[in-house]
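Step one of this worksheet: look at the structure below.
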Amino acid sequence: MPLPYTEKVLEHFRNPRNVGCIENPDGKSTEGSPACGDMVSVYIKVDPETKVISDIKFESYGCASNIATGSIITELAKGKTLEDAKRIDWRTASEALGGLPKIKVHCSVLAVEGLRAAIQNYEEKHGLIKERKPTTIDTIHSRLHKVMNPMAGLDVERTHIVKDVILKDGEVTIAIDLPSNHQFASAIKEEIREKIEFLWDIKKVNIEFTD
Ligand code: FES
């Protein structure tokens with residue numbers, strides 16, 4: 001039986017707004033859903049003076065609900081300050097779409113997390129994080145849970161290619177169970193860097209492959 005989608009969900013799914021990526025974004029994220037394993041990437045451009053999101057795009061590798069929510073939250077966030085955009089949650093998105101079936105709530109949560117992570121990435125890059133908690137091994141592991149392993153469509157932690165994580169005096173060393181010439185090695189390396197190197201107390205990130 002088809003899911004009871006509203007007309008608005010179907011319209012945003014068929015004609016999603018703000019799809020694609022932004023070259024040299026000011027903030028970006030790739031988030032994965034623990035519920036279904038699907039992914040979403042969000043890119044933002046931010047006015048450095050006013051902190052207003054001047055442009056935003058998303059790429060969804062998820063379902064119709066995720067595409068529709070990605071579309072609506074980019075519309076809602078464009079033109080808002082970072083602080084106002086942070087207040088957009090899955091309920092805001094669902095209401096703007098006229099409602100989502102209950103079993104599809106996690107798809108809207110994924111889109112919202114993508115937006116929040118892109119904002120967080122911007123704030124980390126620009127030293128704007130207010131709550132400066134010391135980075136721990138658990139922080140690193142939770143960041144690695146957001147790095148996709150393109151071979152499996154799941155994150156690098158759940159696919160067990162993270163062999164070791166060492167954190168000492170602001171220097172992180174991560175051992176990845178792949179040869180450095182593997183076709184996905186450089187993409188994984190870049191994503192790990194992006195998720196970790198801007199943490200306020202991290203000075204250096206080393207990523208070691210098996211050779
Ligand atoms: Fe995965 Fe909707 S089922 S994003």
Side-chain angles (χ1 to χ4, degrees), residues 20-34 37-46 48 51 53 55-61 82 85-86 110-211:
C21 78
I22 295 177
E23 287 294 320
N24 303 317
D26 296 324
K28 75 176 233 192
S29 69
T30 301
E31 293 290 302
S33 166
D38 288 333
M39 292 162 56
V40 69
S41 295
V42 176
Y43 308 83
I44 54 173
K45 277 277 184 200
V46 178
K51 300 288 180 281
I53 297 176
D55 197 10
I56 178 164
K57 293 212 184 301
F58 80 103
E59 292 169 317
S60 166
Y61 309 95
L82 296 177
K86 279 186 213 170
L110 174 61
V112 168
E113 280 181 354
L115 170 63
R116 289 185 178 168
I119 294 172
Q120 190 180 15
N121 178 248
Y122 175 86
E123 292 183 331
E124 285 178 356
K125 278 186 187 167
H126 293 80
L128 298 172
I129 298 286
K130 288 179 193 124
E131 227 188 310
R132 295 190 154 191
K133 292 189 196 145
T135 298
T136 62
I137 287 279
D138 284 348
T139 320
I140 305 291
H141 281 295
S142 77
R143 292 287 168 118
L144 290 171
H145 263 295
K146 295 173 187 290
V147 173
M148 289 299 135
N149 174 355
M151 287 175 288
L154 288 171
D155 65 79
V156 291
E157 288 276 0
R158 278 192 290 171
T159 51
H160 308 292
I161 62 167
V162 176
K163 284 295 159 209
D164 202 9
V165 177
I166 299 165
L167 172 62
K168 196 167 181 289
D169 302 331
E171 185 166 340
V172 186
T173 303
I174 298 162
I176 298 293
D177 191 13
L178 276 184
S180 59
N181 62 358
H182 187 280
Q183 61 165 326
F184 292 125
S186 60
I188 289 172
K189 187 174 176 175
E190 196 194 322
E191 226 190 306
I192 292 177
R193 280 199 177 287
E194 198 175 283
K195 294 275 195 285
I196 293 172
E197 72 182 351
F198 298 112
L199 287 164
W200 70 276
D201 53 352
I202 294 301
K203 299 184 194 93
K204 197 167 179 218
V205 181
N206 308 308
I207 298 154
E208 294 175 351
F209 292 95
T210 49
D211 45 2

Problem set entry | Non-hydrogen side-chain atoms of Ile196 and Leu144 separated by less than 4.5 Å | yes
Exercise. Do Leu128 and Tyr122 touch side chain to side chain, with heavy atoms closer than 4.5 Å?
Worked result: yes
Exercise. Which class fits the ring pair His182 and Phe184: parallel under 30°, tilted 30 to 60°, perpendicular over 60°?
Worked result: tilted
Exercise. Hey, does the side chain of Lys195 reach the backbone of His145 with a donor-acceptor pair shorter than 3.5 angstrom?
Worked result: no
Exercise. Going by an N to O cut-off under 4.0 Å, is there a salt bridge joining Arg143 and Glu124?
Worked result: yes
For this session: Examine the side chains of Tyr43 and Glu23 and answer whether a donor and an acceptor come within less than 3.5 Å of each other.
Result: no
For this session: Drop me the distance from Glu191's CD to Asn149's CG, to the nearest 0.5 angstrom.
Result: 10.0 Å
Exercise. Would Phe58 and Leu115 count as a side chain to side chain contact (heavy atoms under 4.5 Å, CB included) if you check the C-alpha gap in whole Å, the side-chain angles of each, and the deciding distance to 0.1 Å?
Worked result: CA-CA 9 Å; Phe58 80 103; Leu115 170 63; over 6 Å; no
Exercise. Which residue, Ile192, Ile176, Ile161, Ile174, forms the side-chain contact (heavy atoms from CB on, under 4.5 Å) with Val147?
Worked result: Ile192
Exercise. So, are Lys86 and Glu123 salt-bridged, with charged N and O less than 4.0 Å apart?
Worked result: yes
Exercise. Considering all heavy atoms of both residues, which atom of Asn121 and which atom of Asp26 are nearest to each other, and what is their separation?
Worked result: OD1-O, 4.3 Å
For this session: Measure from the side-chain N and O atoms of Trp200 to the backbone N and O of Lys133, and report whether any donor-acceptor pair falls under 3.5 Å.
Result: yes
For this session: Report the C-alpha separation of Thr30 and Glu59 in whole Å, then their side-chain angles, then the decisive distance to 0.1 Å, and conclude whether the side chain to side chain contact (heavy atoms under 4.5 Å, CB included) test is met.
Result: CA-CA 9 Å; Thr30 301; Glu59 292 169 317; over 6 Å; no
For this session: Find the distance between NZ (Lys168) and CD (Glu171) and round it off to the nearest 0.5 Å.
Result: 9.0 Å
Problem set entry | Gap between atom CG of Leu167 and atom NE2 of His141 - 0.5 Å precision | 10.0 Å
Exercise. Would a 4.5 Å heavy-atom cut-off, applied to side chains only, mark Asp201 and Arg132 as touching?
Worked result: no
For this session: Tell me, yes or no, whether the heavy-atom count around Glu197 atom CD, taken from other residues, nucleotides or ligands under 6.0 Å, exceeds 12.
Result: yes
Exercise. If every non-hydrogen atom of Ala152 is compared with every non-hydrogen atom of Thr159, which pair is closest and at what distance?
Worked result: CB-CG2, 3.5 Å
Exercise. When you look at Thr173 and Asp164, which way does the side chain to side chain contact (heavy atoms under 4.5 Å, CB included) test go after all the steps?
Worked result: CA-CA 8 Å; Thr173 303; Asp164 202 9; over 6 Å; no
Problem set entry | Spacing of NZ belonging to Lys125 relative to NZ belonging to Lys28, to within rounding of 0.5 Å | 8.0 Å
For this session: Scan side-chain atoms only and decide if Asp38 and Ser33 contain a donor-acceptor pair under the 3.5 Å cut-off.
Result: no
For this session: Ignoring hydrogens and angles, tell me if any N or O in the side chain of Ser29 forms a donor-acceptor pair with the backbone of Glu31 under 3.5 Å.
Result: no
Exercise. OG/Ser180 to CD1/Ile207 distance, rounded to the nearest 0.5 angstrom?
Worked result: 12.5 Å
Exercise. If you take all heavy atoms of Ile119 and Ala85, which pair is closest and at what distance?
Worked result: CD1-CB, 3.8 Å
For this session: Flag the pair Val42 / Arg116 as yes when at least one side-chain heavy-atom distance between them is below 4.5 Å, and no otherwise.
Result: no
Problem set entry | With Val162, the side-chain contact (heavy atoms from CB on, under 4.5 Å) member among Ile140, Asp155, Val156 | Val156
Exercise. Are Pro25 and Ile44 close enough that some pair of their side-chain heavy atoms sits under 4.5 Å apart?
Worked result: no
Exercise. Once you round to the nearest 0.5 Å, how far does OG of Ser186 lie from CG of Asn181?
Worked result: 10.5 Å
Problem set entry | Non-hydrogen atoms of Leu110 and Val40 that approach each other most closely | O-CG1, 3.5 Å
For this session: Check Ser41 against Tyr61 and note the closest heavy-atom contact, atom names and distance.
Result: OG-CE1, 4.2 Å
Exercise. Of the non-hydrogen atoms in His160 and Lys163, which two are nearest, and what is the gap between them?
Worked result: O-NZ, 3.5 Å
